[in-house]
Amino acid sequence: KDTMYMFVRIWLLLLVLHSLVVAVGARTERRNVLFIMADDLRTSLGCYGDPVVKSPNIDQLASKSQVFLNAYAQQAVCAPSRTSMLTSRRPDTTRLYDFNSYWRVHSGNYTTMPQYFKSRGYYTMSVGKVFHPGIASNHTDDYPYSWSIPAYHPASFRFEKEKMCKGEDGKLHANLLCAVNVTEQPGGTLPDMESTDEAVRLLKSRANDDVPFFLAVGFHKPHIPFRIPQEYLSLYPIDQMTLAPDPNVPKLLPPVAYNPWMDVRKRDDVQKLNVSFPYGPIPKDFQLRVRQHYYAAVSYMDAQVGRLLSALGELGLADSTMVVFTSDHGWSLGEHGEWAKYSNFDVTTRVPLIFYVPGVTTIDDWLGESTFPFVDVLTQSELSFKSETPSLTTDYCRLTRNLLLWFMALCEKLCTEGDNLAHTFRHRERGKDAEAISFSQYPRPADTPQVNSDLPDLKDIKVMGYSLRSWDYRYTLWLGFNPQTFQVNVSDVHAGELYMLAGDPGQDENVYSDSDHSVMMTKMASLPHVSSFLIFSTHIFIHLLACLFLF
């Protein structure tokens with residue numbers, strides 16, 4: 001579905017979808033939610049047109065779902081992004097730009113997505129990395145506010161940052177590239193395998209319960225290090241891997257916009273390369289291996305998603321459970337000379353977003369076959385999946401008055417950042433909306449790259465890069481920022497970026513000038529006011545997604 005969508009609005013869409021499922025389903029007593037979130041997953045999936053990756057289980061889910069092609073995270077780093085999405089507030093509202101604060105104390109006692117479901121009688125459960133662990137979620141994953149039971153974290157995750165990767169010298173290292181023999185790992189397992197086991201156990205425990213559930217499952221991969229089963233590397237022969245199409249730092253990229261990927265540099269195998277700071281390129285042969293391992297990590301994570309979805313079908317829950325699949329943000333694989341998140345480029349802010357709604361996005365299987373049969377990418381031949389999503393025609397897009405009133409009431413209670421555009425649900429989408437805009441941002445400690453540029457502490461933030469993504473351009477201003485008052489100085493412009501996407505889809509040719517700044521300021525002044533400063537106001541783009549919900 002070719003729509004522009006703000007990542008911060010996922011949970012509102014989920015709530016509306018839930019109402020729809022209840023309205024059209026035959027078994028109204030059970031409408032569950034399975035919310036799956038990957039970590040650092042860009043749109044490198046078959047269902048998003050990536051020709052290299054092998055992701056058959058997620059592609060199978062997509063074939064029975066509504067796939068959104070333009071969803072963007074608010075900040076391309078874990079804690080701020082996850083907090084933004086799970087509270088439906090932007091980083092400038094949560095005031096969380098790093099990992100060092102708990103939003104309920106730091107900015108406001110906001111209702112979270114699982115908390116809202118819990119307050120409506122749902123049994124809510126968290127497995128793996130959903131909230132960012134640590135102080136960002138009060139060292140409890142926001143329990144007991146958000147969850148009915150304490151959140152589960154796989155025991156084997158404690159080894160992720162230890163020396164677990166066998167090097168060429170036969171010794172163990174804390175490497176970036178860390179394909180392992182799982183049987184030799186502690187417990188004979190890996191974190192995402194453990195999380196899948198626990199999630200399946202929880203599904204089984206709730207399968208025959210009358211209380212509906214909300215189960216959130218957060219997979220750690222393809223986050224670094226690439227500590228994955230070694231057999232997945234065989235899917236991506238190194239001689240068939242290619243470099244990023246734009247592996248060099250753009251000539252006119254402002255220094256403040258560049259992230260020096262410090263967490264990658266700290267790995268033992270990368271340190272041996274003696275890559276110069278901050279721009280020095282990684283050797284090409286190592287670049288190919290990094291890309292190989294990232295894709296292998298995606299396939300490994302896809303297999304865990306397949307196990308989870310297969311269990312959902314086998315337990316008879318697929319026709320009564322809505323499934324959402326997404327990621328917290330993307331990741332650079334050499335584009336613009338970068339090897340991490342921590343930027344405002346599409347490759348780091350754009351995320352997959354897939355909604356499976358039983359009876360709405362897929363046709364019921366009257367033969368009783370499994371909705372999501374597991375696809376073992378290591379042994380099964382190439383498979384392709386075609387979408388079963390019904391054509392979104394005018395007849396399909398009929399809205400009952402009660403559902404519209406319910407959603408408008410919900411927005412009055414929960415929608416604090418954006419305009420209530422529920423009335424536009426009466427109109428089907430007619431293609432690209434030239435006025436649709438998504439916003440992202442990223443903080444920096446200085447105008448030039450330094451060791452804390454990727455993830456500065458709040459007290460060190462001096463510049464905030466606010467980025468506006470429309471259908472035909474990405475426009476970014478780097479503005480002075482006061483971390484004590486959380487105020488941005490719109491007249492203190494440190495740098496700017498403007499990429500015209502029709503001729504520059506990779507965002508490599510910065511054509512920003514001071515005159516562009518004044519023109520864009522005038523254009524953005526006409527947008528609705530929803531923030532403490534004019535430039536970065538926004539719409540709720542639900543009207544662009546209306547036909548997904550309406551019937």
Does the side chain to side chain contact (heavy atoms under 4.5 Å, CB included) test come out yes or no for V490 and L477, once each step is laid out? CA-CA 9 Å; V490 297; L477 283 180; over 6 Å; no
With side chains defined as the heavy atoms from C-beta onward, is the minimum distance between L45 and D302 less than 4.5 Å? no
Centroid-to-centroid, F325 to Y356, below 6.0 Å? no
My understanding is that only one of V249, D447, T448 makes a side-chain contact (heavy atoms from CB on, under 4.5 Å) with P255; could you say which? T448
In terms of heavy-atom contacts, Y442 and V77 come closest through OH-CB, 3.7 Å
Under a 4.0 Å threshold between the charged nitrogen and the carboxylate oxygen, would K221 count as salt-bridged to D192? no
What residues, two or more places apart in sequence or in another chain, satisfy salt bridge (charged side-chain N to carboxylate O under 4.0 Å, His left out) together with R42? E335
Side chain to side chain contact (heavy atoms under 4.5 Å, CB included) between Y232 and V298: does it pass, once the steps are laid out? CA-CA 9 Å; Y232 285 91; V298 173; over 6 Å; no
How long is the span from the OG atom in S81 to the NE2 atom in H132, to the nearest 0.5 Å? 11.5 Å
Compare every heavy atom of D98 with every heavy atom of A79, then report the nearest pair and how far apart it is. CB-O, 3.8 Å
Check whether any side-chain heavy atom of P80 sits under 4.5 Å from a side-chain heavy atom of F99, and report yes or no. yes
So, for I461 and Y97, which heavy atoms are closest and what is the spacing to 0.1 Å? CD1-CB, 3.8 Å
What orientation do Y475 and Y512 show, parallel under 30°, tilted 30 to 60°, or perpendicular over 60°? tilted
Show, in sequence, the C-alpha distance, side-chain angles and deciding distance for H329 and C78, and conclude whether the side chain to side chain contact (heavy atoms under 4.5 Å, CB included) test is met. CA-CA 7 Å; H329 45 71; C78 302; 3.7 Å; yes
Backbone of L177 reached by a side-chain donor or acceptor of D269 within 3.5 Å: yes
Just by modelled atom types, is the T242 backbone N or O under 3.5 Å from a matching donor or acceptor in the R291 side chain? yes
Taking the side chain as every heavy atom from C-beta outward, state whether P445 and K462 have any atom pair closer than 4.5 Å. no
V511 side chain near D504 side chain, heavy-atom distance below 4.5 Å: no
Side chain to side chain donor-acceptor pair (under 3.5 Å) between Q487 and N489: does it pass, once the steps are laid out? CA-CA 7 Å; Q487 293 296 310; N489 185 349; over 6 Å; no
How long is the gap from NZ on K251 to CG on D508, to the nearest 0.5 Å? 12.0 Å
Tell me, with the steps shown, if Y295 and D50 meet side chain to side chain donor-acceptor pair (under 3.5 Å). CA-CA 11 Å; Y295 278 107; D50 191 299; 3.1 Å; yes
Backbone N or O of Q450 within a donor-acceptor pair of the S453 side chain at under 3.5 Å? yes
For side chain to side chain donor-acceptor pair (under 3.5 Å), just list the numbers for T93 and Y110, CA-CA rounded to whole Å, side-chain angles, deciding distance to a tenth of an Å, and then say yes or no. CA-CA 10 Å; T93 300; Y110 305 125; 5.7 Å; no
Full working for side chain to side chain contact (heavy atoms under 4.5 Å, CB included) between S343 and E338: CA-CA 9 Å; S343 82; E338 297 180 333; 4.0 Å; yes
Side chains of W478 and E497, donor plus acceptor under 3.5 Å: yes
Whether D454 side chain and N259 backbone form a donor-acceptor pair below 3.5 Å: no
Check whether any side-chain N or O of T326 sits under 3.5 Å from a backbone N or O of P352 as a donor-acceptor pair, and report yes or no. yes
Enter the distance from S470:OG to F439:CZ here, rounded to the nearest 0.5 Å. 10.0 Å
Using only atom types and a distance under 3.5 Å, with no angle test, would you say the side chain of T87 pairs donor to acceptor with the backbone of T112? no
Quick check: does any side chain N or O of S332 sit under 3.5 Å from a backbone N or O of G334, one acting as donor and the other as acceptor? no
If you apply the rule side chain to side chain donor-acceptor pair (under 3.5 Å), what do you find for D457 with N452, and how did you get there? CA-CA 8 Å; D457 292 339; N452 64 338; over 6 Å; no
If you round to the nearest 0.5 Å, how far is CZ of R474 from CG of N344? 6.5 Å
Locate the shortest heavy-atom distance separating R350 from T43; write the atom from each residue and the value. NH1-OG1, 3.4 Å
Lys/Arg N to Asp/Glu carboxylate O, D39 vs R82, below 4.0 Å: yes
So, do S65 and V323 sit near enough that their side-chain heavy atoms are less than 4.5 Å apart? no
Nearest non-hydrogen partners of L353 and Y48, listed with the distance: N-OH, 2.8 Å
Check: A73 main-chain N/O paired with S440 side-chain donor or acceptor under 3.5 Å: yes
How long is the gap from CG on N248 to NE2 on H336, to the nearest 0.5 Å? 11.0 Å
Does D492 reach the side chain of L479, with side-chain heavy atoms less than 4.5 Å apart? no
Rounded to the nearest 0.5 Å, what separation is found between the OH atom of Y466 and the CG atom of D92? 3.5 Å
Keeping the roles fixed (side chain from S299, backbone from K54), state whether a donor-acceptor pair exists under 3.5 Å. yes
Among D263, D40, T348, D328, exactly one meets side chain to side chain donor-acceptor pair (under 3.5 Å) together with K341. Which residue is that? D40
Just by distance, do the side chain of Q66 and the backbone of T361 share a donor-acceptor pair under 3.5 Å? no
Should R267 and P225 count as side-chain neighbours, where that means a heavy-atom distance under 4.5 Å? yes
Ring-plane angle category for Y294 and W331, please: parallel below 30°, perpendicular beyond 60°, tilted otherwise. parallel
With side chains defined as the heavy atoms from C-beta onward, is the minimum distance between T476 and Y499 less than 4.5 Å? no
Applying ring pair (Phe, Tyr, Trp, His ring centres under 6.0 Å), run through F131 and W103 and close with a yes or a no. CA-CA 12 Å; F131 282 99; W103 83 91; 5.7 Å; yes
Minimum heavy-atom distance between L458 and P483, given as atom pair plus value: O-CB, 3.0 Å
Give me the ring orientation class for H106 and F486: parallel if the planes are under 30° apart, tilted from 30 to 60°, perpendicular past 60°. perpendicular
